[in-house]
Each structure stands twice: as structure tokens, then as C-alpha cells.
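Lettering follows sequence order; numbering is per chain, from 1.
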Protein chains: 2
Amino acid sequence: MARLAGVSRATVSYVLNNTSAVRISEPTRRRVHAAAKELGYVPHAAARSLRAGHSRMVLMPAPSIPVGPLYSQFISELQWALGRLDYTVVQYGSVGLQGEEAARAWAELRPVAVLVPGTGLGPQGVALLRRSGARAVVTLAPEAVEGAHALLMDHERVGRCAADHLYARGRRRIGVVVPEEAGLEAFSLPRLAGVRRALLGTDATLTELSLAFEEQSAIRLAARWRELGLDSVFAYNDEYAMLLMRALQDEGLRIPEDTAVIGADDLLLGRLLRPRLSTVHIELPSGRDLAELVDRAVREPGAATETHTVLGATVVHRDSS
Amino acid sequence: MARLAGVSRATVSYVLNNTSAVRISEPTRRRVHAAAKELGYVPHAAARSLRAGHSRMVLMPAPSIPVGPLYSQFISELQWALGRLDYTVVQYGSVGLQGEEAARAWAELRPVAVLVPGTGLGPQGVALLRRSGARAVVTLAPEAVEGAHALLMDHERVGRCAADHLYARGRRRIGVVVPEEAGLEAFSLPRLAGVRRALLGTDATLTELSLAFEEQSAIRLAARWRELGLDSVFAYNDEYAMLLMRALQDEGLRIPEDTAVIGADDLLLGRLLRPRLSTVHIELPSGRDLAELVDRAVREPGAATETHTVLGATVVHRDSS
DNA sequence: TTGAAAGCGGTACCAG
DNA sequence: CTGGTACCGCTTTCAA
């Protein structure tokens, strides 16, 4: 670039990076800075990281489904915290890419760390990423993956909490909503399994209820509610719970007398319905903590992989259960 | 890499890219592929784009505020459509970066195209990006920026629609909710301005109402509702509308008799309250169309910048207004 | 204090 | 058909 500033490329590099091992005279610095400003010079990240052999890019797949305020908040916090540690966070739009293939696509960018929510990345995927220079791979999933750090997001606990609550309040015929929308299985199945486990060995019964996030679907489900003979339902999350509760009420069912309803995520909107919606409050890991984990892993890539359980789940009992 | 496969780098390149201008013998291809598989070889995107002088990366800033299902859907669709056109979509976590500074950070990655929702990127930012190789810069904002293609998302129309509707139904003392949460000004201010414009020269009055997305804030606002003397309110969006409507009802106000309420975004959840929430349905551009615009712009970087108005707004009249 | 030169991992031309 | 080689933009010794 600014050899047109009268100096060599090396000098430019020194000046712009404030290289401490080298002293550059003030006049020269000034000329370099001036020229850079003038030409609108921007360093070429690819060239830099090619030469350096590493980057400070932390990559995570972009969510392909609408995420709630909880998760959005978490991502923002994480980006902010990693930004403070001088990492660049990049969400890769991996629409349609699967497992190994996705891992390969990510590896092409040679990120220093990869954060993967959900399953879908096997041990081979992790190995591939590590071979291509990722000094840290962190999964946010129900179970750990060989070779990667793991933040265990145990959605089973959410189901267990909800089921324990309903059972403790005397409910025995318990329905569990399973959303029909694709891409939610990663959450809905563990939550369902959690309910199942909580009810194991008790006198309660569990009924799976398929429900799409549309009024018609809820109305259809409500129409056959009496024949279902359920006295309570864990509705996957607050949004599905709100939808279903409204349909049940329109069908003439009394909440919670005839049927108790509980959701999850503790959305503000759930408090607006009457009766106020009971819910399972979920606590995600703090973005700061995860950022620190990443940073530690990057600095100490040989260290044993850490596994932390990070999903807090507590029942918030309001009026619908 | 697989010079350890017994061939030269060049040959590897030919084989893995299926270079048609060159014929490689089957045995050689096989050995290369075998070695690549064995070593878990992944090409180095930085090296490739350094050499090529360009990449196929489309960059957009990651949203820093929780976005609704509407926008999430739009992003997904866009990623999918661009993926089909063989672009790689990357969301850059620009937490805290502003205008020029953000533009510089993005430019370091030398994306072939940049998509920027919202204002904050000035003409200099656009120029900077173009100078560093971006063949297309597209803004999604209320107004066009010199040098960039523009998808005009005219949120004023949302406010106008809502105001026209309320006015047509005989309301004259109209409140407009302005969220207190930071980062929403890009939407809330134009919506407010739209209401103002719609009411200009009529006998209606406009009152700004500051509201945070918390129950307490809504309760406080509702408590002074009677002294405000409003007969209707445009509540920014459906979520704020739901929150406020509930608080008004708890305060003893009848909806819509005493106060008409209208939101925006046409969320499913708005239909669950009673009375069912009136709303302004918003139509975002199709991801496919935007992807095509980007592709066209990339292939024809010299062409004049296009400006399209892409935000459809129509009132959905339900029971709260 | 500054400059010359090597090299990061690919691609593309040209010679063998 | 295949290998040598120059080069993309930047950092980093090493010499001047």
C-alpha cells in the first residue's frame, strides 16, 4: 500500500501494529498514518492470519430457527465478552450443512475456537476442527463430545422440574407437548425424556401431544381434550403453553382446576394471560463465563477438556398449575 | 499438504478443484483424494481468497438486540437463498462498534458483499467498504445511503397505518408507546414519526408514552392513564401492546371502549389475549429477492445502485380497536 | 531507524 | 498430463 507514502511495507506494518520491538521515528509514523487515512487503507485479515498461522476468530453456527430473548441475550453477552478479550465472533450461516460437512466448512476459515450449540458435531468433526487449527471446540449440548469442552445444557432437567411440580400438586395424567416444527427436537425430546424419567415408577401416566404453533392446531388438540382425560400438561415452553391454554379455555376447560398448565422459559408475556402462567425458569450460562472458558482453552490448548453443567431450571409457580 | 501423497501442490489443487483446463490421470486423482481424506485435509479459505483476490463471503452484522420471529425467518431465508447461489453468509458480532469503525472491521475480512440493517453506516463507510473490494453494499434502512443499494424499510408506514386506522375509527387522543430499551430507536422513532405525519393537520392529538418492557413499568403507565385522557394507543409492537393492554385492563379500563389498542408485527400470541389484539401486519422483503439483488450487484458492480421499497404494512383489525 | 527478503497456503501460468 | 514457480498481502527476522 503506502509505499506511496514513501516507506516500505515493513515500516507500515510496524507503525500500524505499534510493534514494540522496533522504534519508528515520529515523522515517519505520521506520514504512514496520514497515507493510511488518505487511501482508506484497511489491513487484509486473510493475509495477516495466513502469515501468522492463526487468527482470533471464534466461530459459531448461526441459529437456523427463531430463538427466544433468552438465547439472544446469551449470544449478545458472549459476543461482548469475547470482544473484550479481543476475539472476533462470527456466526456462520450453515443452512443445510450437516455434521462433518459443516465442520469442514467451518474449518476452512481456520477459527481459533468453535462454539457449537446442539448435537450434530461428532468426535470426528471435533477432531477435524482441531487438526485444522482450532485450539478450542466447545459444545453446548445435552452430552459431551470426545475431544471438546462441554457446557452441558441438560434440557431433561426442565422436563423433570415441570413433571415433579405437576406430580407434587396431585396431577397424575400428564400431557407433554411436542412441537411439530422442525429443528426443535434438540430441546423438545430431552424435555419429554425428562418428564418420562421423573414419572418413572410413579402412578402417573404420560401422554405425548403433537402441536404446531398455529391456532388451528391448538384448537384441534383442545377439541379432543376431554377424551384424552388429562389433568395437566407441560407445554414445551411458554409460547406453546399460552397457545394451548387459550384453546383449552375457549373449549370451556377451567385452568387450573380441570387442567393444570405449565410452560418453560419464564417469558414476560406468560404473566399476562389469566390465570398467570406457571413456568420453568431457565438459567443459561453467563456469556462472560463462557468467554473465559474459551480464552483459557485457547491459551492452554493441551489441557484436559472441561465439562460443566450449566442449565439451571427452577419452577416458578403462578396460577395455571 | 499432500506433497506427502507424492505429488505437487499444484496437482493437489487441480484435483480437488476439478480444474477442467487440465487433465489428471485417474491413479493420481485417487492418491490425492486418499491422502486428503487420510490427513483430514481442509483447504485454507484465507490462502485461497488471498490468491484469488476475492471471496464469496457475504457479511452482515449480527443483531445486537433480540429479534422477533419475523426477522429471524427473513435471515434464515436469506442465508438459504445466498447459500444456493454459492455464497457464504457470515454474521459479524459487532458489539459496540460504530459506523466507520465497524465498516473498517468488516472490510478487513474483504467480503464480496455487505448487508447492513439499520442506519449507522454513512457514505464514507460505504466508500471504505467498496474500496476494500466489496462489490455490493446493501442497506436495509429507512433511507438510502450514497453508493449503496437500498432496501427501504419504511417504518413510518407502520405508524401511519396504525394512526390512520385509529383515526378512522373515531379516536382523537392517540398515545404512542416509545420503548425505553436501547437499540430500538431505529424502529420506534420512525413509527412515531409516521403517526405524527398521519395526524398532521387533523384534530387529533399525539402523546408519547415511554414504556419499558416490564410489568412494573406498564403498571405505572396504566395508573396515570385516566389523567392522560387518551382514547387509543399505538403500542410500538404486539409485545408492548400485550403488556400495556393487560395493565390497562387490570386498571379497570375497558378495551376497546375506553381505550383502543393496536400493536404491530402480527404475532400469533397477540391473538390469544381477550380482546384479540389489533395489529399492523408487516411484510419483510423475501430472502430470495434480496439474495438475487446481491448476486446481481456482485456480477455487475458498476451498475447503478438500486433502491426498492420493501416494507409492506397493513392493518389487521381484530377486537382491541 | 529503515529496507530487503522469506514465507504462510493456495492458484494459474508455462515449461517439461 | 504433471511439476516448477511466481504471486496474493502481510509479518518478521536479518542486514544495512
Given D:dC1, C:dG10, D:dT11, the nucleotide with the shortest approach to the side chain of A:Arg110: C:dG10
Working for side-chain contact (heavy atoms from CB on, under 4.5 Å), residues B:Ile65 and B:Phe187: CA-CA 12 Å; B:Ile65 51 166; B:Phe187 310 106; 4.2 Å; yes
Minimal non-hydrogen separation, A:Val145 against A:Gly122, with atom names: CG1-C, 3.8 Å
Protein-nucleotide distance (A:Arg56, atom CZ; D:dT11, atom C1'), rounded to Å: 17 Å
Proximity to the side chain of B:Ser8 - top-ranked nucleotide from D:dT12, D:dG3, C:dT11: D:dG3
Check: B:Leu128 main-chain N/O paired with B:Ser132 side-chain donor or acceptor under 3.5 Å: yes
Shortest side-chain distance from A:Tyr14, nucleotide among D:dG4, C:dA6, C:dG3: C:dG3
Atom CD of A:Glu146 with >12 non-hydrogen neighbours under 6.0 angstrom: no
B:Thr19 side chain near C:dT11 phosphate (N/O to OP1/OP2, under 4.0 Å): no
Toward the 5' end of DNA chain D, by each residue's nearest nucleotide, B:Ile24 or A:Arg48: B:Ile24
Rounded distance in Å - NE2 (B:His44) to C1' (D:dG9): 13 Å
Check: A:Arg191 main-chain N/O paired with A:His155 side-chain donor or acceptor under 3.5 Å: no
d(NE2, A:His54; C1', C:dG7) in whole Å: 15 Å
Pairing stems for DNA chain C [at least three consecutive pairs; Watson-Crick or G-U; under 3.5 angstrom]: C:1-16 with D:1-16
Atom CZ of A:Arg84 with >12 non-hydrogen neighbours under 6.0 angstrom: no
Donor-acceptor pair under 3.5 Å, B:Arg51 side chain vs D:dC7 base: yes
Which residues share a side-chain contact (heavy atoms from CB on, under 4.5 Å) with B:Arg288, sequence neighbours left out: B:Glu77, B:Ala81, B:Ser286
Spacing between B:Asn18 atom CG and C:dT11 atom C1', to the nearest angstrom: 15 Å
Contact nearer the 5' end of DNA chain C, comparing A:Ala47 with B:Asn17: A:Ala47
For atom CZ of A:Arg31 and atom P of C:dT2, their distance in whole Å: 8 Å
Which nucleotide in D:dC1, C:dG10, C:dA12 has an atom nearest any side-chain atom of B:Ala10: C:dA12
Candidates D:dT12, C:dG10, C:dT2 - which lies nearest the side chain of B:Pro43: C:dG10
Out of D:dC10, D:dG3, C:dT11, whichever nucleotide has its closest atom nearest the side chain of B:Thr11: D:dG3
Sugar-phosphate only, base, or nothing, as touched by B:Val42 at under 4.0 Å among non-hydrogen atoms: sugar-phosphate
NZ/NE/NH1/NH2 to OD/OE distance under 4.0 Å, B:Arg29 and B:Glu26: yes
Rounded distance (Å) that lies between atom P of D:dT11 and atom CD of B:Glu108: 10 Å
Proximity to the side chain of A:Val22 - top-ranked nucleotide from C:dT11, C:dA4, C:dT2: C:dT2
Touch class at under 4.0 angstrom, heavy-atom based, for A:Thr28 against every strand present: sugar-phosphate
Length of the CZ-C1' vector between A:Arg23 and C:dG3, whole Å: 19 Å
A:Arg9 CZ to C:dG3 P, straight-line distance once rounded to whole Å: 13 Å
